[in-house]
Amino acid sequence: MKGLIHSFESFGTKDGPGIRFVLFMQGCPLRCLYCHNVDTWNIKDYKKELTPEETFKEVFKIKNFIKTGGITISGGEPLTQPDFIKEVFRLCKENGIHTALDTSGYIFTNRAKEVLEYVDLVLLDIKHINPEKYKVLTSVNLAPTLKFAEYLQEINKPVWLRYVLVPGYSDDEKDLHEWAKYCSKFTNVERVDILPFHQMGTPKWEMMKRTYVLKDNKTPTKEEIIKAEDIFASYGLPVKLTNR
Ligand code: SF4
């Protein structure tokens, strides 16, 4: 079995606790308007093909550096290749390495559930709470992600929720309240991050010759970010106040 991989990063600090080996899988069924990894969309554009054992060897090389962190498998959408990532996670767990899965939660299948058995932490993006607006933003349905989130609660899996704040798309005050109200019912959420939309992905859209709808979209101001953080916090969510 081989995994189709976009790339990996040995010292990631943004995708989970501590210093982490971050594996970016190729392939994603979503088409987020703000995606900054457009080059991961098409499975055929993979850059590396590795077995789980070969991947684990790369992780193991830096085991001393990731002692307080671990491995995060991201993408793309990593659950497009469930058998491969399950095996990588299994090998990591066997060797005492903390495992995190960074996902949109869109692929909620029995094989995804099997992957979760080897996952210590899920970084889950709930990109919008309104199904129509979610579809505009991602091109897919919201329902599987909410089912995924509810399953994570059922198995009491630790979760960090992430929300990209995009002016004009995901910053409506009423929607932010709805999102926070929905998420506040979960008892397994350890942290919530608001990620301000930025334009750093632009070169990749150009490189992939795709139409970047948000090319001229503004980025949120500090005040707008703080306002969103305050709304989330007012529902008791553990918002990481990184934007002050
Ligand atoms: S889920 Fe992630 S990789 Fe896929 S389109 Fe959305 S932002 Fe891009």
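Note that ligands are numbered from 1 as they come in the structure, with each ligand's atoms numbered from 1 the same way.
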Any side-chain heavy atom of [X] within less than 4.5 Å of one from [Y]?
X	Y	answer
W205	C35	yes
F186	L152	no
L161	W179	yes

Inter- and intrachain pairs under salt bridge (charged side-chain N to carboxylate O under 4.0 Å, His left out), touching residues 22-41, at least two apart: D39-K204
What protein N, O or S atoms come within a distance below 2.8 Å of atom 8 (Fe) of ligand 1, ordered by chain and number? C35 SG
Kindly say whether V119 contributes a backbone atom to a donor-acceptor pair with the side chain of K157 at under 3.5 angstrom? yes
Quick note on ligand 1: atoms under 4.0 Å from a heavy atom of K127 include exactly 1 (S), 6 (Fe), 7 (S)
Do R162 and D102 meet the salt-bridge criterion of a basic N to acidic O distance under 4.0 Å? yes
